[in-house]
Asks: 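Please read through the structure below; I'll follow up with questions.
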Amino acid sequence: MADTAIRFGFLALLAGLIAFFSVSAPGFLSPQSAVFIFQSVAITGILALGVTATLVVGGFDLSIGSVATSSMMAAAYAMVVLEQNALVAVLFCLAIGALVGLVNGIIIVYMRVPDLLATLGMMFLLVGLQRIPTEGRSIAAGMTMPDGSTAAGTFSPAFLALGRHRFDFFLPNLLPVSVVVLLVLALLIWFFLEYTRFGRMMYAVGSNERAAELAGAPVKAYKIWAYVISGIFASIGGILLAARLGRGDIASGNNLLLDAVAAALIGFAVLGAAKPNAFGTAIGALFVGVLLQGLTMMNAPYYTQDFVKGAVLVVALVFTFALSNRSRR
Amino acid sequence: MEATFRITGLRKAFGPIRVLNDVALDLCSGEVTVLMGANGAGKSTLVKIMSGVHRLDAGEMTLGGVRYHPASPAEAIRAGVVTVHQNINDGVVAALDVAANLTLDRLSGKGAPLFYNPRRVRREAKAVAARLDLDIDLGASIADLSLADRQMVAIARAMAHEPKVMILDEPTSSLSSAEANRLFAVIDRLRQHGVAILYITHRMSDIRRVADRIVSLRDGSISGVFETKPLDYEGAVNAMLGRAMHLVAVDVKEATHPVFEANDLRLSDQSRPFSMVLGAGEVVAVTGLVGVGKTLLAETLFGLRRPLAGTMRLRGEAYAPTSTAEAIEKGVFLVAKDRAESGIVGDFNIYKNISLPFLERFSRLGVSRRGAERAVAREQIDRLSIVCRSERDDMSTLSGGNQQKVMVARWMAQPASLFILDEPFQGVDIAARRDIASKLRASAAGRTTLLFLTELDEALETADRILVMSEHTIVGEHRNEGLDMDRLLAQVAGEPMRGAA
Amino acid sequence: MSITRRTFSRLGLAAAAGLFAAPALAQDMPAPFDNPGEVKIALVRYLSTGDFFQAYLSGVEAQAKALGVDLRVLDSRQDAALQADMVDQAIALGVDGIIIQHGLTESMKEAAQRAVDAGIKVVAFDVNVENPAIPQIEQSDRDLARLALEQAVADNGEAWKAGYVYVAGIAPLDRRDETWREFKAKYPGINEVAMFGTLDNPIANSVANQARSVVTANPDIQVMFAPYDEFAKGVKIAVDEAGLSDSIKIYSADISTADIAAMREPGSAWVATAATNPAVVGQVSVRALAMLLAGEEPGASVIVPPTLITQADLNGQDIKNMEELSAKLPQFAHADVAMPAWMPNPNE
C-alpha cells in the first residue's frame, strides 16, 4: 500500500491536476494546449535532462543556465556579427557547450574542486564572458557594434525555424521543433542511462565510486563525460532559446537553472526512484509546465506561480527522502 | 549472583518481520557475557533496544532492579548503559580532535558549561585517556588516526561514563592483536570494577580470552546459555548455528602449473623484496597482522598501485597493469576489503551488482542485455546459495553474509587467472563463511585463488598454502598440512624478520 | 549597401559621439564654457548593463563632446554604497558638475547634499534625491503609456477586450499602470480579461510562456498592452505561435534595434510603441547640468517627451535600426528640452 503510494503517488497527482484544470480552465484540454505545455518546458526540460546526467554520477552542474544563455549569445553573435549560416551557428554553440562541460569536468575530476563550487565559478565566468564580445549589448540584426559600425548579418531563416517551425502531427502545424527536440533528447538520455552499459556505469559511479573503480570502470572519464553531456544539453537549450527569441539577450539564465534543477529533483520522486532518472526528470518538467499553464489560464498572478513551484519541489523531496527511506528502513 | 541487568520476554518486530522473540538475558556485575549469533540472528537489534535506539514491543528490561526502558540513546547512557558500536566511525566525530572526542558527552550533556574551554577539556581528556592507558596525542585530529586508535578513543569515551553495563559490539573486528590485547586488559579492569559487560563477537579467539558466560542467539531466540567452567565452546557454536559444525579439514591440493610469478617485488621504501609463485588450482592465503601490507599487495596485483621494484608475470607474460580495467582484462579479479565501502553499489539490485565489472560482456553495441545479466545472476545465486527472493532484490535487504556472497559471485561469474579476495570473511557469519570457502575451493581448478586474511583460523580452514606477511614482505610459507603452528605464529609476530636482519 | 548603412549610421546619434559633433565656437559660449577644456563633469551610474544604459551613455558622451567638456564616468554596477562613495570620489577629483544616474534615494540623498555643499552643480536622472537644488531629469512614463494607449483607441475604437502585462513594484511600470487605470476608467468599453507578467529572465521567454496560456484561454483578446518592450517581445512570440497575429494587436513602450526588427516582421502583431530615446535623455542630462553651470535655471524637473513609433512609420521609411530611427524621425533624435540658444546640438 505504502509502496504503491510512493511509486505512483506523483503520477496520480499529475493526473489529478490535469483533470482539475480540464474542468476549471476552459481550453486547457486540447491538443494545442498539450503541445504548448511541452513547448513551455522544452528549454528547461532539456537543461534538466543534462543536469540529470551529472546528478547520476553524484555531481551537480550549476553552470547550465549560463551555458544556455552563453550559447544563445554565441548563436546570435555567429550569425549577426560574423555573418555565418545556421549550421555554423549551431555547431559553434554545441562546441561551446561541450568545451564548458569538459572544463567543468577536468576542474572537478583532476583539480579536485568540489562540483558545486567549480560549476558556480563557471556560472559567473560565463555570465561575464557572454558580455565581452559586444561590450554588454544584446545582439539583434542591425545592432550597433562597440566601434560604431552596424552589424551586417541577420538571423538565418533556417535557424529561426528551429524556434518557429511546426510539424504536422494529427493536426496541421502542431508540433514545434523545440518539443520534438525535447522528446528526442529525453528518449535518448533515458535509453542511454537505463539500457546502455555506459549509463549503468554512470549510476555505479554515482552510487559507489570506489566500487565502480574496483570493477574496472574509468571513473574519471565517466564523470567528465557527464559534464560534457550536461554542457551540450544546455547549449541545445540555448540554441532553441535564441531561435525562439530571434536575438541574443544578455541574461544570467538563473531562472533556467533553478527551473531545470527543480524538474530534476522532482524527478527523484517519480515512480519512487529516489535517485536521478531521465523519465522522472521529464515528468518533473511536465508537472511544472502543467501547473503553470493551468494557473496562468486561471489568471493567477506570477508570484503565486513561484510559490507553487517551490511547494511542489518541497513535496517531491519529502516524497523522495522521508517516504522512500522509511520503506527501506 | 543477582543480575545487574535483566531482560525477560522481550519481543521486537519490524513490520511483519519478527526479529526478536521471547528473549531473556541476564548480565551480572563483574562478568563478561559473550553474545554469539549468526548474521541476521538479531544481535544488532538487541543491542539497539538495550541502548535506546529502538523501543521494544513487549517484555521487560530492568537495571539494578529498576524498570529500564530508555527512550533515547542519551537516556540509556545517563542510566549507565553505554555501547561501543561496531562501526568505528559512528563512535567518533572526525572533525574534532582527540581531546574533544574524549569529552564529547560532557560538552553536550545537561549542565555543560556554555563556553568551550580548551584547557579544561584537555585536562578532562587526559583523565579519561589515563583510565585506558591510551597513548594517543590528545591534540591529534581523528582523521589522522588509524581505525584501531579511533576505536580506542570511542571505548575510552564510553568508559568515562563509569557505566554499570557496557555493550561492546564486535570491538576487535578492526584491531590488530596487540591492540586487541590492550582492549582485553581494559575489559579485565572493568570486570574488577564490577561492570556488567555484554560482548558481541564472531571471533573464537576473543571468546576464549574474555568470556565468563556464553549466550547463543539463533533466529531471534536464545538457543543456549553456557556458564559452567570450562565453557563448552563447541556447544555454543552449535547452539548458534543450529547444527554441528565440525572443524573443516582441508584436503590440500597441489598446484598443477604456475600461473603467477612475482620476482623481487618491493612494496614500500623500507621493505625487503620478495618473490612468489602461485599455481593453478591452489588456494593460497596470505596472513599477517593488520597493517603489514596485505591490502597493499592486493592492490598492487590488481593494478591500483605500482610496485616500487620488481616484476610480475601472469601466465608466462609480463604483467604490469596500469589500471583495474587492464587487470580485469587479463583475468586478475579482486574482491576488495570492506564491501560496503568498496564493493556494493547501493542503488543497484543483486543482478546489477553481479554484472557490474563485466557489463561489456553482457552488452551488444553498448546496450546491456538484461535477460543475460539476470540469467547469470540466478545461476550465481544458486551456486553460492544466496538467500534472497529474486535477483532483483535490493542489496540492503540481504544479510551481511549474503551481501558478501554477491560480491564473490560478481567475480566468480567469469573465469579468472588470479582471483584475489581481500578479507572476504569480514562481518560474515560462520555458516556463510564456510559456504563461500567451500565454493572457492570447489571452483579453484584452473586459476589461482589468493586470499588475504588476518584471522589465522580462516586461513587454516580454506587454504592449501599459507604465506605469512610482515612489514610489507613475505616472511614465511607453509603447506596447510601438519604445519608448524609455533613457527607460523612467530612469523606472524615478526620474529624471523628480526632474526634474519 | 553597406556604404549607405555607414552613411546613415554616421548621421545617427550614437556615432555622432565621435564624428560630426564638433565643439561650438568657444567665444559664443557663456562662462565657464568659453574655456570648456577646464570644465570637468562626472557621470555617477547605478545601472549600466543593457541596451538602454549603453545608449544613455552614448548620449551623455555626445553632448559632453559637443560642449567640449571633460567627462568622467564612474560606474558602481548596482552597488548602492559604492555609488555614494563615488560621489565623494568625484568631489575629491574637483569636478564642476555631477550627473547621478539612477540609484536609491536612501543612499544618494546625503551624498548629493555633500556635493551641493561642496559647490558642485548636480542633476539626477531617474532617482529622487529629495534636494531642491538638484533638477530631476525624467522620461515621462505616464506620457509613454498615454501615447501608446491613444494609438490603441485610434486603431481599435473605444471598446475592446484587452490583455495586460504588468508586474507590480517596479516604479516605471507602476507609473505606466496608473495611466492604464485612467484609460480603463475613461473608456468603460475596454475590458481587461487577463493580467499577467513576470520578470524571470530571459524575460521575453517567460512572458511568452505565460502569454501563450492567456491567449489559449482567451482567444478573443483584441489588444495586448505590454508597456515594456521585453513584455511586448514575449507577447509577440506567443501570439505568433498561437497563430493569432491577425486578430491581436500589441501596444508597448520602449524601443531597441531588436524591437524594430520584430515590429517590422511581415504580419507582425506589434503595431506601435511609445519610446523616449535614451541617448536623448543622456544629452538632456548633460545640457541641464551645463545650464546650471552657466548660472541658468533648467527647472526643478526636466521632462524628456516620448515619441510614438508605429509599424507604419517604420515600414514607410524603411527604418531598420536605432540609428536610422533617429535619422528619419527627427522628433526621436532630438528633444527641444534644456536647449538655450548657446547650447551646441550634438546631432547637427
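Values in this document were obtained by computation on a predicted structure and should not be read as measured data. Residue numbers begin at 1 in each chain, while the letters A, B, ... track the order of the sequences.
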Asks: Heavy-atom pairs under 4.5 Å with chain A: which of C:Leu199, C:Ile260, C:Ile237 has the most?
Replies: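 Result: the option with the highest number of such pairs is C:Ile237.
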Asks: Once rounded to the nearest 0.5 Å, what's the spacing between atom CG of A:Leu256 and atom CG of C:Asp200?
Replies: 9.0 Å
Asks: C:Pro202 and A:Leu245: which non-hydrogen atoms are nearest, and at how many Å?
Replies: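 In this case the closest contact between C:Pro202 and A:Leu245 is CB-CD1, 4.3 Å.
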Asks: Examine whether an atom of A:Arg244 lies under 4.5 Å from a heavy atom of chain C, and if so say whether it belongs to the side chain, the backbone or both; otherwise answer neither.
Replies: both
Asks: Would you tell me whether A:Gln293 and C:Ser213 have side-chain atoms, one donor and one acceptor, within less than 3.5 Å of each other?
Replies: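 Yes - a donor-acceptor pair under 3.5 Å links their side chains.
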Asks: To the nearest 0.5 Å, tell me how far C:Asn209 CG sits from A:Leu292 CG.
Replies: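 Between atom CG of C:Asn209 and atom CG of A:Leu292 there are 8.5 Å.
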Asks: Of the backbone (N, CA, C, O) and the side chain (C-beta and beyond), which part of C:Glu241 lies under 4.5 Å from a heavy atom of chain A, both, or neither?
Replies: both
Asks: Measuring only between side-chain heavy atoms, which start at C-beta, is A:Phe28 closer than 4.5 Å to C:Thr216?
Replies: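 When only atoms from C-beta onward are counted, C:Thr216 and A:Phe28 do not touch, as no gap falls below 4.5 Å.
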Asks: Would you mind checking which part of A:Ile43 comes under 4.5 Å of any heavy atom in chain C, side chain (CB onward), backbone (N, CA, C, O), both or neither?
Replies: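 A:Ile43 touches chain C through side-chain heavy atoms alone.
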Asks: Measure the shortest side-chain to side-chain distance between A:Thr150 and C:Thr257 over non-hydrogen atoms and say whether it is less than 4.5 angstrom.
Replies: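 Of all side-chain heavy-atom pairs linking C:Thr257 with A:Thr150, none is under 4.5 Å.
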Asks: Between C:Val215 and chain A, with a heavy-atom cut-off of 4.5 Å, which part of the residue counts as in contact: side chain, backbone, both or neither?
Replies: neither
Asks: Flag the one option from C:Ala55, C:Ala194, C:Ala261 with the top tally of heavy-atom pairs under 4.5 Å to chain A.
Replies: C:Ala194
Asks: Measuring heavy-atom distances to chain C, does A:Asn254 have an atom under 4.5 Å in its side chain, in its backbone, in both, or in neither?
Replies: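 Backbone of A:Asn254 only, per the 4.5 Å heavy-atom cut-off to chain C.
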Asks: Could you have a look at C:Pro219, C:Ala238, C:Ala217, C:Ala168 and say which one has the most heavy-atom pairs with chain A under 4.5 angstrom?
Replies: C:Ala217
Asks: Of all of A:Arg247, A:Arg164, A:Met72, which one pairs up most often with chain C through heavy atoms under 4.5 Å apart?
Replies: A:Arg247
Asks: Report which part of C:Ala208 has an atom under 4.5 Å of a heavy atom belonging to chain A: side chain, backbone, both, or neither.
Replies: both
Asks: Atom CZ of C:Arg212 and atom OG1 of A:Thr296: how far apart are they, to the nearest 0.5 Å?
Replies: 12.5 Å
Asks: From A:Thr154 OG1 over to C:Lys320 NZ, what is the distance, rounded to the nearest 0.5 angstrom?
Replies: 12.0 Å
Asks: Mind checking the CG-CG spacing from A:Asn255 to C:Asn205? Nearest 0.5 Å is all I need.
Replies: 10.0 Å
